[in-house]
Q: 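Please read through the structure below; I'll follow up with questions.
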Amino acid sequence: MMQNPAPSHDLRTRAQQIRDDIDQSRRRGPLQQIQIPPCPELLAQLQQAMSQPEPDLNLVARIASSDVAMAATLLRIANGPLFKPVGLPCTTVGQAMTRIGLRESVAVMTGFLAQHAIPVNAPQLARFWERSTKRAIAMAIIAQQLPGLSPDLAHSFGLFLHVGMPVLMQSVRGYAATMVEAGARIDRPYIATENANHKTDHAVVGALVVRVWNLPAPLMSAIRLHHDFAALGHDGIEPEIHTLIAAGLIAEHLMRRHEGLPEDADWAGHHQAAMAWLHIDWEELAQWEEAISAQFDAA
């Protein structure tokens with residue numbers, strides 16, 4: 001007679017395991033050599049402000065105004081093509097945030113602060129933050145179609161998904177050559193080459209950035225597992241984590257299609273599992289692609 005399965009552990013167990021593994025490797029393992037830029041103070045303030053049940057628009061506006069370049073970015077977007085038909089030009093950060101929307105403004109600010117905290121100059125990472133921002137936009141649009149998935153969390157996942165790459169580039173000698181090798185090999189996954197050469201990979205290092213910056217625990221777990229497509233639906237991992245990973249695969253695919261790039265190995269091998277987890281068909285996927293392409297084209 002079959003026995004009833006043991007009760008599954010909740011997310012705390014899995015998230016704790018990931019966190020403990022990262023902390024241990026940080027103390028005694030390959031992550032010792034990784035230099036994580038400190039979390040920008042303004043980002044910490046922004047996270048704190050947005051963690052309140054009723055975020056204070058005036059407080060967020062003060063945070064935005066404290067960095068001239070960040071304020072200018074918000075004004076440029078508010079007065080740009082997406083909002084051009086709306087009234088008179090915005091001249092203050094408060095006006096810009098009202099036009100853009102609070103959470104959309106916070107998303108812009110988060111991207112701005114992350115980009116300036118982790119600059120990217122290597123040719124192997126050309127357009128890194130531009131593509132990260134596009135992925136974040138795609139994730140937020142997808143999240144609006146998936147009940148229960150926070151668009152804010154989805155946006156952050158898209159933005160920080162590959163942040164381990166520029167951090168590895170700055171910290172590890174030879175990582176630029178590893179990127180070239182990993183991109184060229186078809187006999188093993190990208191992260192397998194990273195691990196073979198450096199005993200860690202961009203998924204682990206990206207999760208470390210989230211851990212050090214004190215960003216949400218589900219974000220840390222999802223980034224750590226974002227290449228572990230075999231775990232989709234696996235018991236013991238919170239459904240929200242699976243949803244982020246599956247949506248991330250779709251966002252990447254739709255972004256590549258918009259850029260005219262061929263489908264990658266991850267999509268070819270795992271799109272059926274991702275679509276099944278999200279309970280979507282090809283017709284819905286086409287609708288998502290239309291919405292995402294329209295947003296990209298308007299930006």
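Computed over heavy atoms, backbone and side chain alike; hydrogens, waters and symmetry mates excluded. Computed from a predicted model, the values in this text were never measured in an experiment.
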Q: Does a side-chain N-to-carboxylate-O contact under 4.0 Å join Arg211 and Asp23?
A: yes
Q: Out of Val167, Val163, Leu125, which one pairs with Val120 under the side chain to side chain contact (heavy atoms under 4.5 Å, CB included) rule?
A: Leu125
Q: For the pair Gln16 and Arg19, evaluate side chain to side chain donor-acceptor pair (under 3.5 Å) and give the outcome as yes or no after the intermediate values.
A: CA-CA 5 Å; Gln16 181 76 43; Arg19 191 180 72 183; 3.0 Å; yes
Q: Taking the side chain from Gln45 and the backbone from Val60, do they hold a donor-acceptor pair closer than 3.5 Å?
A: no
Q: So, the side chain of Ser66 versus the backbone of Ile63: is there a donor-acceptor pair under 3.5 Å, distance only?
A: yes
Q: When you measure from the side chain of Gln52 to the backbone of Gln48, do you find a donor-acceptor pair of N or O atoms at a distance under 3.5 Å?
A: yes
Q: Is there side-chain contact between Phe128 and Thr133, with heavy atoms separated by less than 4.5 Å?
A: no
Q: Give me the atom names and distance for the closest heavy-atom approach of Ile118 to Trp129.
A: O-NE1, 2.9 Å
Q: For Tyr175 and Glu194, run side chain to side chain donor-acceptor pair (under 3.5 Å): C-alpha distance rounded to whole Å, both residues' side-chain angles, the deciding distance at 0.1 Å, then the answer.
A: CA-CA 8 Å; Tyr175 184 70; Glu194 291 179 315; 2.5 Å; yes
Q: For the residue pair His227 and Tyr190, is the inter-centroid distance of their aromatic rings smaller than 6.0 Å?
A: no
Q: Would you call Arg127 and Glu259 a salt bridge, using N to O less than 4.0 angstrom?
A: yes
Q: Mind checking the CD-NE2 spacing from Gln295 to His258? Nearest 0.5 Å is all I need.
A: 10.5 Å
Q: Do Leu285 and Leu254 come close enough that some side-chain heavy atom pair is under 4.5 Å?
A: yes
Q: Output yes when Arg131 and Glu252 qualify as a salt bridge under the 4.0 Å nitrogen-oxygen rule, no when they do not.
A: yes
Q: Any sub-3.5 Å donor-acceptor pair from Glu181's side-chain atoms to Ala177's backbone N or O?
A: no
Q: Check Ala138 against Phe296 and note the closest heavy-atom contact, atom names and distance.
A: CB-CZ, 4.1 Å
Q: Distance from Leu159 atom CG to Leu219 atom CG, nearest 0.5 Å?
A: 9.0 Å
Q: Using modelled atom types and a 3.5 Å cut-off, is there a donor and acceptor pairing between side-chain atoms of Arg224 and backbone atoms of Ala203?
A: no
Q: With side chain to side chain contact (heavy atoms under 4.5 Å, CB included) as the test, would you mind laying out the steps for Ile142 and Ile292 before giving the verdict?
A: CA-CA 8 Å; Ile142 289 172; Ile292 288 169; 4.0 Å; yes
Q: Can you tell if the side chain of Arg135 reaches within under 4.5 Å of the side chain of Phe157, non-hydrogen atoms only?
A: no
Q: For side chain to side chain contact (heavy atoms under 4.5 Å, CB included), just list the numbers for Met179 and Met169, CA-CA rounded to whole Å, side-chain angles, deciding distance to a tenth of an Å, and then say yes or no.
A: CA-CA 9 Å; Met179 290 192 70; Met169 185 73 77; 3.5 Å; yes
Q: May I ask you to check whether over 12 heavy atoms, not counting those of Glu284, lie within 6.0 Å of atom CD?
A: yes
Q: With rounding to the nearest 0.5 angstrom, report the CG to CD1 distance, Leu208 to Ile223.
A: 11.0 Å
Q: Scan residues 32-53 for pairs that pass ring-ring contact (aromatic ring centres under 6.0 Å, His included), counting only residues two or more places apart or in two chains.
A: none
Q: Provide the closest heavy-atom pair for Ala96 versus Leu74 in the form atom of the first, atom of the second, distance.
A: CB-O, 3.9 Å
Q: With side-chain hydrogen bond (donor to acceptor under 3.5 Å, both in side chains) as the rule and sequence neighbours excluded, what pairs involving residues 140-161 come up?
A: Arg103-Asp152
Q: Against Ile34, only a single residue in Val209, Val212, Val205 fulfils side chain to side chain contact (heavy atoms under 4.5 Å, CB included); can you say which?
A: Val205
Q: Does the Ser171 side chain pair with the main chain of Gln35, one donor and one acceptor, at a distance under 3.5 Å?
A: yes
Q: Do Gln47 and Pro216 have side chains that approach each other closer than 4.5 Å (heavy atoms only, starting at C-beta)?
A: yes
Q: Can you tell whether the side chains of Arg256 and Glu263 come within less than 4.0 Å, N to carboxylate O?
A: no
Q: Just how far is it from atom NE2 of His253 to atom CE of Met275, taken to the nearest 0.5 Å?
A: 8.5 Å
Q: Roughly how far, to the nearest 0.5 Å, is the CG atom of Leu149 from the CD atom of Glu240?
A: 6.5 Å
Q: Using a 3.5 Å distance criterion without hydrogens, assess whether the side chain of Asn79 forms a donor-acceptor pair with backbone atoms of Pro89.
A: no
Q: Inspect the surroundings of CZ in Arg26 and state if more than 12 heavy atoms from other residues, nucleotides or ligands are less than 6.0 Å away.
A: yes
Q: Do Leu42 and Met109 have side chains that approach each other closer than 4.5 Å (heavy atoms only, starting at C-beta)?
A: no
Q: Can you tell me how far the OG1 atom of Thr178 sits from the CZ atom of Arg173, to the nearest 0.5 Å?
A: 13.0 Å
Q: Taking the side chain as everything from C-beta on, heavy atoms only, tell me whether Ile245 gets closer than 4.5 Å to Trp277.
A: no
Q: Measure centre to centre between the rings of Trp282 and His271, then say whether the value is under 6.0 Å.
A: yes
Q: Return yes if some donor-acceptor pair links the side-chain N/O of Ser65 with the main-chain N/O of Ala61 below 3.5 Å, else return no.
A: yes
Q: Could you tell me if Ser132 and His162 have a donor-acceptor pair between their side chains, going purely by distance under 3.5 Å?
A: no
